2 protein chains.
Amino acid sequence: MDITPDSHSRDGRGTSKIADGEASDLPDLQPSHLLAFALITELGSVSLAARRLHVVQAAVSAQLRRLREAVGDPLCRFEQGHLHLTPAGEELRKHALRVSEGVAAAREFARRLQRRIEGRLRIALTVTIGSYYLPCPLVAFQDRYPGIRVEMETGSSREIVGRAEDFDLVFVEEPLEGSAPPDYVRTPWIREEILLVVQRKSRLARDFPAGVALRHLQGEKVLWREADSGVRRAVERAFGTLRIEPPGHTELPSAQGLIEAARAGLGIGFVAASVLSGEDPELAALRINPPEGLWWRLAILAPPPAQRSAAAAAFLDQLQQSSDPMAHGDVPV
Amino acid sequence: MDITPDSHSRDGRGTSKIADGEASDLPDLQPSHLLAFALITELGSVSLAARRLHVVQAAVSAQLRRLREAVGDPLCRFEQGHLHLTPAGEELRKHALRVSEGVAAAREFARRLQRRIEGRLRIALTVTIGSYYLPCPLVAFQDRYPGIRVEMETGSSREIVGRAEDFDLVFVEEPLEGSAPPDYVRTPWIREEILLVVQRKSRLARDFPAGVALRHLQGEKVLWREADSGVRRAVERAFGTLRIEPPGHTELPSAQGLIEAARAGLGIGFVAASVLSGEDPELAALRINPPEGLWWRLAILAPPPAQRSAAAAAFLDQLQQSSDPMAHGDVPV
DNA sequence: CACGCTTACGGGGGTCGTAACAATG
DNA sequence: CATTGTTACGACCCCCGTAAGCGTG
């Protein structure tokens, strides 16, 4: 036999004397009444407490009466304009103060959360994003909200997408690997072109000044970044659709190193557009697969707006604000 | 200019954003929601919390939602049948637990008060009452309610009546001296006859076997108890109305001593009826002012029933129960 | 008589219960 | 399919605000 709770008790919030021998028709002790009582004892006056609670005297007076009824003992007395607590009131005051402080702390905590004074932001990202794109907005965010603790975790795209529930925001490279939780939303973040870097004097630069299709690169010596590089994986994926497998030649630990190697004629390389600053007299940056180009897209995976933490919402806001100015710029590796 | 609190705000208990820059239309954080949240986190389930709160799931679910809205951050998530708290939820849980414990303590305190497991009983009384009439019912009371701390204070009738507000019960001898607070109620307690003790062979015993009027005692040698004796004051008061002042002769420190002195023929004495146990071959106990006799009345001054502490009510109950059986009996001085 | 606490009374909104839906194992 | 959590909706009652009463300095 399962208890359908108070099925036939219309008494919404009342005596609550289920399976309780207590035949007392007393109203049960409400936390809010304790709050009022704590304030009354602190201020020594019902009217002052009412003022601070933004209600009229009569309301607080009624709360005090209900608390007294719930306790069953008189709690205080007003004589010669001053408040006097009975022993029971004195004792109850301690509990009321404890409750009051707890609620005040909770409210203060909520307030700090809302004002972004406090909070935690758990983000997951790939090493590439963590190295190139996130540091700048992150320091800006921390500068703006110094109280928010940011906890980062890096992992493969598939891994962090699978554990998306554990994070406020997940920064991934597209196309998404793995499956995100059902109602998560994908927000486009950065869309950047991947360019081919070759010597100006090379055959490719001469033959394809307006851009080169990937299939023309077969047999070229390619300067790769390390295996988990985001750009490398994007290019490899593009090659994969063509079933072309360009032989790896050299692995460079940084984009800058790759550029230098390309300048020296050691091979061709793929870099994100933002890495190339200004014109280079010796190097050409060619569009890939013209006219659309090969684009590298970064996206943010987030819970639906209603389920976002304030910190996450603030960070997303900031990213969206500064996504046009492209403030993330070129960060040295 | 005084603030009439929310005069034109019909919003009974709502956003409460008076003079608060916060333009957030969030509901404010209710203590009861914290209680529900604490229970949810403790039990790890909304339905279990609902069971224990004697409400349906939906109600608790709604409370959880309102708390989340009030905080502005998601608090928990339900995945694979288990509860997972977000960082904000984890933090809020601490405050919620504190509040929950405080409220539980307050409720437990109220319960103990109602069951008379705990409490304080502050009583005021005259030394006479404290010596003769109160000890017996008091030990019975303490035996029945061992958890209730009894605090006694003795003083003159006028003094303790004046400070009646400081006590749960005031035991006085009538007629009352001084003025009690306006709405205090007087409960008759003990009504006992004061008898005149004389030698059987004395003239008084011979002339007035059915009782003697006070005016016939003029010139007698009176054996008094000490000045603050209740019986002595009662008799003196009776004498006072007649404007007779019987010369004091001897002061005895105890009722028993007074009786012995009377037996020895040292004078006549006044004692409460209960002090005389059984017949005495040498002594006669004469009614005073027949046929009504001279009565000594004890009364209890108490706040109106609604303002009585549970302990006071219990003690009064017990006294009323055992007032007929006269269980207070004769207590040796 | 100003001030503070209490009581009585009417109205609005919060909260409960019912019911239907979605997700999970 | 049983269990659990959520949403929608209607009804009830708590609580607030207004107003009057009352005691006190």
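Numbers restart at 1 for each chain; the letters A, B, ... are given by sequence-line order, proteins then strands. Predicted, not measured: the structure shown is a model, and the values here were computed from it.
For the pair Arg51(A) CZ and dG17(D) C1', the interatomic distance rounds to 15 Å; values are reported in whole Å. For the pair Gln57(B) CD and dA20(C) C1', the computed distance is 13 Å after rounding to whole Å. Whole-Å rounding puts the Gln307(A) CD to dG5(D) P distance at 15 Å. One interatomic measurement links the two molecules: CZ of Phe78(B) to C1' of dT4(D), which rounds to 9 Å at whole-angstrom precision. Asp183(B) places its CG atom 14 Å from the C1' atom of dT24(D), with the value rounded to the nearest Å. Residue Leu39(B) contributes atom CG, which lies 12 Å from atom P of dG5(D) at whole-angstrom precision. Distance Glu79(B) CD to dA22(C) C1': 17 Å, rounded to the nearest Å. Taking atom CG of residue Leu43(B) and atom P of nucleotide dT3(D), one finds them 18 Å apart after rounding to whole Å.
Considering all non-hydrogen atoms of both residues, His95(B) and Phe109(A) come closest at NE2-CB, 4.0 Å. Between Ser47(B) and Ser45(B) the shortest heavy-atom distance is N-OG, 3.2 Å. Here the closest heavy-atom approach between residue Leu113(B) and residue Glu118(B) is recorded as CD1-O, 3.7 Å. Across Val185(A) and Arg308(A), no two heavy atoms sit closer than the pair CG2-NH2, 3.2 Å. Scanning all heavy atoms of the two residues, the minimum distance from Ala164(A) to Tyr184(A) falls at O-OH, 3.5 Å.
Contact check of residues 82-101 of chain B against DNA chain D (heavy atom, cut-off under 4.0 Å) returns no residues at all. Contact check of residues 58-70 of chain A against DNA chain C (heavy atom, cut-off under 4.0 Å) returns Ala58(A), Ser61(A), Arg65(A).
Residues Glu173(A) and Thr126(A) bring a donor and an acceptor atom of their side chains to less than 3.5 Å of each other.
Partner of Glu165(B) under the side-chain hydrogen bond (donor to acceptor under 3.5 Å, both in side chains) criterion, out of Arg77(A), His84(A), Gln80(A): Arg77(A) alone.
Taking the charged nitrogens against the carboxylate oxygens, Arg149(A) and Glu151(A) do have a contact shorter than 4.0 Å, which makes a salt bridge. Ion pairing between Arg98(B) and Glu101(B) fails under the 4.0 Å rule for side-chain N and carboxylate O.
Contact check, His54(B) against dC16(C): no side-chain N or O comes under 4.0 Å of OP1 or OP2. Residue Ser45(A) has a polar side-chain atom (N or O) positioned under 4.0 Å from OP1 or OP2 of dC5(C). Not one side-chain nitrogen or oxygen of Ser47(A) sits closer than 4.0 Å to the OP1 or OP2 atom of dC3(C).
One axis for each end of the helix from dC1(C)-dG25(D) to dG25(C)-dC1(D), each built from five base pairs, and the angle between them comes to 30° at 10° resolution.
Arg66(A) meets the salt bridge (charged side-chain N to carboxylate O under 4.0 Å, His left out) test with no other residue; sequence neighbours excluded. Remark: Arg68(A) pairs with no residue by the salt bridge (charged side-chain N to carboxylate O under 4.0 Å, His left out) rule, at least two apart or across chains.
Applying the salt bridge (Lys or Arg N to Asp or Glu O under 4.0 Å) test to every pair with at least one member in residues 35-50 of chain B, sequence neighbours left out, gives no pairs at all.
When distances are taken from the side chain of Val46(A) to each of dC16(D), dT6(C), dT15(C), the shortest belongs to dT6(C).
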